Amino acid sequence: MPELPEVEITLKGIKPFIKEQKINKLIVRQGSLRWPVTDGIESIVEGQTVIAVSRRAKYLIMQLDRGSMLVHLGMSGSLRVVSAEAEWRKHDHIELQLVNGACLRYHDPRRFGSWLWSLGEHQQLAHLGPEPLSTDFDGTLLWRKAKARKMSVKPFIMDNKIVVGVGNIYAAEALFRSGIRPDRPAGKISKQRYELLGSHIKDVLAAAIEQGGTTLRDFVNSSGEPGYFQQTLAVYGRGGKGCITCAGILKDIRLGQRSSVFCPQCQR
DNA sequence: CTTTCAGCCTGACGGC
DNA sequence: TGCCGTCAGGCTGAAA
(Lines give C-alpha, C1' and ligand atoms only; values in the text may rest on other atoms or scores of the structure.)
Protein backbone atom coordinates (compact mmCIF):
# COMPACT_ATOMS: atom_id res chain seq x y z
CA MET A 1 0.00 0.00 0.00
CA PRO A 2 1.43 3.32 -0.97
CA GLU A 3 3.12 5.18 1.86
CA LEU A 4 5.67 7.95 1.42
CA PRO A 5 8.39 5.80 -0.24
CA GLU A 6 5.94 4.36 -2.76
CA VAL A 7 4.65 7.83 -3.65
CA GLU A 8 8.23 9.05 -4.04
CA ILE A 9 8.99 6.11 -6.37
CA THR A 10 5.90 6.96 -8.40
CA LEU A 11 6.94 10.62 -8.59
CA LYS A 12 10.40 9.74 -9.88
CA GLY A 13 8.90 7.41 -12.47
CA ILE A 14 6.28 9.71 -13.93
CA LYS A 15 8.15 13.01 -13.80
CA PRO A 16 10.30 12.58 -16.95
CA PHE A 17 7.20 11.72 -18.98
CA ILE A 18 4.95 14.59 -17.97
CA LYS A 19 7.11 17.52 -16.88
CA GLU A 20 6.91 20.47 -19.30
CA GLN A 21 4.47 18.49 -21.42
CA LYS A 22 1.19 19.82 -22.70
CA ILE A 23 -1.99 17.96 -21.78
CA ASN A 24 -3.87 16.55 -24.74
CA LYS A 25 -6.75 15.05 -22.83
CA LEU A 26 -7.89 13.83 -19.42
CA ILE A 27 -10.29 10.89 -19.40
CA VAL A 28 -12.26 10.07 -16.26
CA ARG A 29 -13.97 6.68 -16.46
CA GLN A 30 -14.80 6.32 -12.79
CA GLY A 31 -14.94 9.57 -10.84
CA SER A 32 -16.26 8.08 -7.63
CA LEU A 33 -13.09 7.95 -5.53
CA ARG A 34 -12.41 8.90 -1.89
CA TRP A 35 -13.73 12.31 -2.89
CA PRO A 36 -15.51 12.74 -6.20
CA VAL A 37 -13.11 13.76 -8.98
CA THR A 38 -13.53 17.52 -9.50
CA ASP A 39 -16.49 18.13 -11.79
CA GLY A 40 -15.47 19.37 -15.23
CA ILE A 41 -11.77 18.74 -14.64
CA GLU A 42 -11.36 17.31 -18.17
CA SER A 43 -12.07 20.59 -19.94
CA ILE A 44 -10.23 22.66 -17.32
CA VAL A 45 -6.87 20.92 -17.78
CA GLU A 46 -7.02 20.25 -21.52
CA GLY A 47 -4.39 22.35 -23.33
CA GLN A 48 -2.57 23.32 -20.15
CA THR A 49 1.08 22.45 -19.59
CA VAL A 50 2.48 20.51 -16.62
CA ILE A 51 4.90 23.05 -15.14
CA ALA A 52 6.14 20.95 -12.22
CA VAL A 53 5.50 17.64 -10.49
CA SER A 54 6.18 17.21 -6.79
CA ARG A 55 5.25 15.29 -3.65
CA ARG A 56 3.94 16.56 -0.31
CA ALA A 57 3.25 13.89 2.33
CA LYS A 58 1.59 11.09 0.31
CA TYR A 59 0.13 13.49 -2.24
CA LEU A 60 1.41 14.02 -5.78
CA ILE A 61 1.01 17.55 -7.08
CA MET A 62 0.92 18.35 -10.79
CA GLN A 63 1.31 22.09 -11.16
CA LEU A 64 -0.26 23.39 -14.38
CA ASP A 65 -0.24 26.85 -16.00
CA ARG A 66 -3.01 27.92 -13.69
CA GLY A 67 -3.97 25.71 -10.78
CA SER A 68 -2.92 22.19 -9.90
CA MET A 69 -4.04 18.58 -9.75
CA LEU A 70 -3.66 16.78 -6.42
CA VAL A 71 -3.40 13.00 -6.66
CA HIS A 72 -3.52 10.55 -3.75
CA LEU A 73 -3.02 6.82 -4.30
CA GLY A 74 -5.08 5.82 -1.27
CA MET A 75 -4.35 2.25 -0.26
CA SER A 76 -4.43 0.39 -3.53
CA GLY A 77 -3.72 3.06 -6.15
CA SER A 78 -0.94 3.19 -8.71
CA LEU A 79 0.04 5.37 -11.65
CA ARG A 80 1.59 3.77 -14.69
CA VAL A 81 3.07 5.17 -17.85
CA VAL A 82 1.49 3.23 -20.73
CA SER A 83 1.36 3.48 -24.51
CA ALA A 84 -1.61 5.15 -26.14
CA GLU A 85 -2.97 1.81 -27.39
CA ALA A 86 -2.70 -0.02 -24.05
CA GLU A 87 -5.80 -1.98 -23.10
CA TRP A 88 -7.86 -0.62 -20.22
CA ARG A 89 -7.68 -2.99 -17.29
CA LYS A 90 -10.27 -3.47 -14.62
CA HIS A 91 -10.04 -0.61 -12.08
CA ASP A 92 -8.22 1.75 -14.46
CA HIS A 93 -10.20 4.88 -13.58
CA ILE A 94 -8.38 7.87 -15.08
CA GLU A 95 -6.01 8.52 -17.99
CA LEU A 96 -3.89 11.61 -18.52
CA GLN A 97 -2.81 11.92 -22.16
CA LEU A 98 0.12 14.18 -23.01
CA VAL A 99 0.73 15.75 -26.41
CA ASN A 100 4.08 13.85 -26.62
CA GLY A 101 2.11 10.59 -26.73
CA ALA A 102 2.72 9.46 -23.14
CA CYS A 103 -0.28 8.25 -21.14
CA LEU A 104 -0.60 8.09 -17.40
CA ARG A 105 -3.11 5.53 -16.09
CA TYR A 106 -4.54 5.77 -12.61
CA HIS A 107 -5.48 2.30 -11.31
CA ASP A 108 -7.17 1.84 -7.93
CA PRO A 109 -9.21 -1.27 -7.02
CA ARG A 110 -10.37 0.01 -3.64
CA ARG A 111 -10.96 3.58 -4.81
CA PHE A 112 -9.60 5.14 -1.62
CA GLY A 113 -7.46 7.53 -3.64
CA SER A 114 -8.33 10.92 -5.06
CA TRP A 115 -7.72 13.18 -8.06
CA LEU A 116 -8.65 16.79 -7.42
CA TRP A 117 -8.31 20.15 -9.10
CA SER A 118 -7.77 23.51 -7.43
CA LEU A 119 -6.88 26.99 -8.67
CA GLY A 120 -5.26 27.86 -5.35
CA GLU A 121 -3.82 25.85 -2.47
CA HIS A 122 -5.47 22.51 -1.80
CA GLN A 123 -7.29 22.20 1.52
CA GLN A 124 -5.73 18.78 2.06
CA LEU A 125 -2.26 20.35 2.28
CA ALA A 126 -3.17 23.13 4.67
CA HIS A 127 -2.43 21.60 8.07
CA LEU A 128 0.28 19.04 7.43
CA GLY A 129 3.29 18.49 9.68
CA PRO A 130 6.90 18.47 8.44
CA GLU A 131 8.37 16.11 5.84
CA PRO A 132 10.20 13.28 7.66
CA LEU A 133 13.19 13.34 5.30
CA SER A 134 13.70 17.09 5.61
CA THR A 135 15.82 18.91 8.19
CA ASP A 136 12.57 20.34 9.62
CA PHE A 137 12.01 16.96 11.21
CA ASP A 138 13.99 15.25 13.96
CA GLY A 139 13.59 13.43 17.25
CA THR A 140 13.63 16.63 19.26
CA LEU A 141 10.52 17.80 17.41
CA LEU A 142 8.78 14.51 18.24
CA TRP A 143 9.76 14.84 21.89
CA ARG A 144 8.54 18.44 22.07
CA LYS A 145 5.17 17.65 20.46
CA ALA A 146 4.69 14.54 22.60
CA LYS A 147 4.68 16.40 25.90
CA ALA A 148 1.63 15.45 27.99
CA ARG A 149 0.23 13.30 25.16
CA LYS A 150 -1.35 10.12 26.49
CA MET A 151 -1.78 8.51 23.07
CA SER A 152 0.41 5.51 22.26
CA VAL A 153 3.59 6.37 20.39
CA LYS A 154 2.67 4.45 17.23
CA PRO A 155 -0.56 6.33 16.40
CA PHE A 156 1.29 9.48 17.52
CA ILE A 157 4.00 9.19 14.84
CA MET A 158 1.33 8.26 12.29
CA ASP A 159 -0.52 11.53 12.93
CA ASN A 160 -0.06 13.82 9.90
CA LYS A 161 -0.04 16.91 12.09
CA ILE A 162 3.04 15.60 13.92
CA VAL A 163 4.97 14.33 10.89
CA VAL A 164 3.65 13.30 7.47
CA GLY A 165 4.08 10.11 5.49
CA VAL A 166 4.69 7.58 8.27
CA GLY A 167 2.12 4.85 7.67
CA ASN A 168 1.50 1.58 9.43
CA ILE A 169 4.34 -0.38 7.83
CA TYR A 170 7.14 2.11 8.43
CA ALA A 171 5.89 3.14 11.88
CA ALA A 172 6.12 -0.49 13.01
CA GLU A 173 9.58 -0.94 11.48
CA ALA A 174 11.00 2.31 12.90
CA LEU A 175 9.73 1.44 16.40
CA PHE A 176 11.30 -2.02 16.18
CA ARG A 177 14.65 -0.58 15.09
CA SER A 178 14.44 1.90 17.98
CA GLY A 179 13.52 -0.73 20.59
CA ILE A 180 10.36 1.14 21.59
CA ARG A 181 7.06 -0.61 22.31
CA PRO A 182 4.31 0.74 20.01
CA ASP A 183 1.86 1.03 22.92
CA ARG A 184 4.12 3.16 25.13
CA PRO A 185 2.42 6.50 25.91
CA ALA A 186 3.94 9.19 23.65
CA GLY A 187 4.41 11.64 26.52
CA LYS A 188 6.45 9.17 28.57
CA ILE A 189 9.40 8.60 26.28
CA SER A 190 12.75 10.28 26.89
CA LYS A 191 14.27 12.86 24.57
CA GLN A 192 17.16 10.50 23.95
CA ARG A 193 14.88 7.70 22.79
CA TYR A 194 13.00 10.11 20.53
CA GLU A 195 16.31 11.12 18.92
CA LEU A 196 16.84 7.45 18.11
CA LEU A 197 13.29 7.07 16.79
CA GLY A 198 13.60 10.22 14.66
CA SER A 199 16.71 8.94 12.91
CA HIS A 200 15.25 5.46 12.44
CA ILE A 201 12.16 6.95 10.79
CA LYS A 202 14.43 8.75 8.33
CA ASP A 203 16.57 5.65 7.76
CA VAL A 204 13.69 3.25 7.18
CA LEU A 205 11.95 5.60 4.73
CA ALA A 206 15.18 6.30 2.84
CA ALA A 207 16.02 2.57 2.65
CA ALA A 208 12.53 1.78 1.33
CA ILE A 209 12.89 4.41 -1.41
CA GLU A 210 16.23 2.85 -2.41
CA GLN A 211 14.56 -0.58 -2.65
CA GLY A 212 11.77 0.71 -4.87
CA GLY A 213 9.17 0.73 -2.10
CA THR A 214 7.19 -2.04 -0.43
CA THR A 215 4.84 -4.26 -2.43
CA LEU A 216 2.43 -6.31 -0.34
CA ARG A 217 -0.33 -6.73 -2.86
CA ASP A 218 -1.09 -3.75 -5.04
CA PHE A 219 1.83 -1.42 -5.35
CA VAL A 220 3.74 -1.19 -8.61
CA ASN A 221 5.94 1.66 -9.82
CA SER A 222 5.21 3.69 -12.94
CA SER A 223 6.63 0.89 -15.11
CA GLY A 224 4.42 -1.72 -13.47
CA GLU A 225 7.19 -3.30 -11.38
CA PRO A 226 6.93 -4.14 -7.67
CA GLY A 227 9.21 -2.84 -4.90
CA TYR A 228 11.53 -5.02 -2.85
CA PHE A 229 11.54 -3.51 0.62
CA GLN A 230 9.04 -6.09 1.94
CA GLN A 231 11.97 -8.53 2.06
CA THR A 232 13.51 -6.28 4.69
CA LEU A 233 10.46 -5.97 6.96
CA ALA A 234 11.32 -7.16 10.47
CA VAL A 235 7.91 -6.95 12.16
CA TYR A 236 5.14 -5.74 9.84
CA GLY A 237 2.91 -8.67 8.87
CA ARG A 238 4.98 -11.09 10.97
CA GLY A 239 2.79 -11.43 14.06
CA GLY A 240 3.23 -14.87 15.71
CA LYS A 241 6.55 -15.46 13.94
CA GLY A 242 10.05 -15.28 15.39
CA CYS A 243 11.87 -12.03 16.08
CA ILE A 244 14.86 -11.64 13.75
CA THR A 245 16.99 -10.48 16.69
CA CYS A 246 16.04 -12.66 19.68
CA ALA A 247 13.86 -15.37 18.07
CA GLY A 248 11.06 -14.63 20.56
CA ILE A 249 7.45 -14.65 19.31
CA LEU A 250 6.28 -11.34 17.82
CA LYS A 251 3.06 -9.98 19.30
CA ASP A 252 0.21 -8.48 17.27
CA ILE A 253 -1.95 -5.89 19.07
CA ARG A 254 -4.40 -3.28 17.83
CA LEU A 255 -3.68 0.41 18.34
CA GLY A 256 -6.02 2.99 16.86
CA GLN A 257 -7.78 0.18 14.94
CA ARG A 258 -4.50 -0.78 13.30
CA SER A 259 -2.58 -4.00 13.52
CA SER A 260 0.69 -3.35 15.37
CA VAL A 261 3.34 -6.04 15.50
CA PHE A 262 6.29 -5.82 17.88
CA CYS A 263 8.77 -7.89 19.88
CA PRO A 264 7.99 -7.84 23.64
CA GLN A 265 11.64 -8.75 24.33
CA CYS A 266 13.41 -6.20 22.15
CA GLN A 267 10.92 -3.35 22.45
CA ARG A 268 10.35 -1.68 25.81
C1' DC B 1 -7.76 21.11 23.44
C1' DT B 2 -7.19 15.60 22.83
C1' DT B 3 -8.81 11.16 21.60
C1' DT B 4 -11.86 7.78 19.45
C1' DC B 5 -14.45 5.91 15.85
C1' DA B 6 -17.50 5.25 11.68
C1' DG B 7 -17.33 5.33 6.95
C1' DC B 8 -15.51 5.09 2.28
C1' DC B 9 -14.19 0.41 -1.14
C1' DT B 10 -12.73 -4.15 -3.20
C1' DG B 11 -10.43 -8.44 -3.00
C1' DA B 12 -8.46 -12.15 -0.37
C1' DC B 13 -9.16 -15.55 2.77
C1' DG B 14 -11.19 -18.73 6.33
C1' DG B 15 -15.15 -21.27 7.97
C1' DC B 16 -18.97 -23.85 6.98
C1' DT C 1 -18.60 -25.23 -4.96
C1' DG C 2 -20.08 -20.99 -3.13
C1' DC C 3 -21.74 -17.93 0.27
C1' DC C 4 -20.86 -14.98 4.15
C1' DG C 5 -18.23 -12.50 7.48
C1' DT C 6 -13.94 -10.33 8.46
C1' DC C 7 -9.91 -7.85 7.55
C1' DA C 8 -6.67 -4.59 5.34
C1' DG C 9 -5.60 0.46 5.25
C1' DG C 10 -5.29 6.60 4.81
C1' DC C 11 -7.84 10.15 5.83
C1' DT C 12 -11.75 13.10 7.37
C1' DG C 13 -15.12 14.83 10.22
C1' DA C 14 -18.20 14.19 13.93
C1' DA C 15 -18.73 12.76 18.59
C1' DA C 16 -17.10 12.13 23.21
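Just so it is clear: chains get the letters A, B, ... in the order the sequence lines come, proteins before strands, and each one is counted from 1. Values below: every heavy atom of this structure, side chains too, minus hydrogens, waters and symmetry copies. Here the structure is a predicted model, which means the values were calculated and not measured.
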Check the angle between the aromatic planes of A/H93 and A/Y106 and answer parallel, tilted or perpendicular using the 30° and 60° thresholds.
tilted

If you find the nucleotide of DNA chain B closest to A/K161 and the one closest to A/R111, which residue's nucleotide is nearer the 5' end?
A/K161

Is there a side-chain contact between A/R110 and the phosphate of B/dC8, meaning an N or O under 4.0 Å from OP1 or OP2?
no

Ignoring hydrogens and angles, tell me if any N or O in the side chain of A/S118 forms a donor-acceptor pair with the backbone of A/G120 under 3.5 Å.
yes

Could you check how far CG of A/D159 sits from P of B/dC5, rounded to whole Å?
16 Å

Rounded to the nearest Å, what distance is computed from the OH atom of residue A/Y170 to the P atom of nucleotide C/dG10?
11 Å

Common cluster, A/L70/A/L128, ILVMFWY with side-chain heavy-atom separation under 4.5 Å
yes

Among B/dC9, C/dT12, B/dA6, the one nearest A/R34 by side-chain distance:
C/dT12

Expressed as a whole number of angstroms, how long is the span from A/Q257:CD to B/dT3:P?
14 Å

Between C/dA8, C/dT12, C/dC11, which nucleotide gets closest to the side-chain atoms of A/S259?
C/dA8

Could you check how far CD of A/E3 sits from P of C/dA8, rounded to whole Å?
15 Å

Quick check for you: among C/dA8, B/dG11, C/dC11, whose closest atom lies nearest to any side-chain atom of A/R258?
C/dC11

Could you check how far CG of A/L4 sits from C1' of C/dC11, rounded to whole Å?
15 Å

Interatomic distance where CG belongs to A/L70 and P belongs to C/dT12 [whole Å]
10 Å

With a 4.0 Å cutoff (strictly under), does any side-chain N or O of A/H72 reach OP1 or OP2 of C/dC11?
yes

With sugar-phosphate meaning primed atoms plus P, OP1 and OP2, does A/N160 contact a base, only sugar-phosphate, or nothing at under 4.0 Å between heavy atoms?
sugar-phosphate

Quick one: which of B/dT3, B/dG11, B/dC9 gets closest to the side chain of A/K150?
B/dT3

Between A/W35 (CH2) and B/dC9 (C1'), how many Å, whole number?
15 Å

Calculate the interatomic distance between A/H122 atom NE2 and C/dT12 atom P; express it in whole Å.
13 Å

A/G113 backbone acceptor or donor facing A/D108 side chain under 3.5 Å:
yes

List for me each residue that meets side-chain hydrogen bond (donor to acceptor under 3.5 Å, both in side chains) alongside A/N100, sequence neighbours excluded, and say none if there are none.
A/Q21

The answer to which of A/A148 and A/F112 contacts DNA chain B further toward the 5' end, by nearest nucleotide, is A/A148

Find the bend of the helix from B/dT2-C/dA16 to B/dC16-C/dG2 as the angle between its two terminal axes (five pairs each), to the nearest 10°.
60°

Inspect the contact between A/E95 and A/K25 and indicate whether a charged nitrogen and a carboxylate oxygen are less than 4.0 angstrom apart.
no

Does a side-chain N-to-carboxylate-O contact under 4.0 Å join A/E6 and A/K58?
no

Select base, sugar-phosphate, or nothing to describe what A/Y59 touches, counting heavy atoms under 4.0 Å on all strands.
sugar-phosphate

Does the Lys NZ or Arg CZ of A/K145 fall within the cation-pi geometry relative to A/W143 - under 6.0 Å from the ring centre and within 45° of the axis?
no

May I ask you to verify if any side-chain N or O of A/H91 is less than 4.0 angstrom from the OP1 or OP2 atom of B/dC9?
no

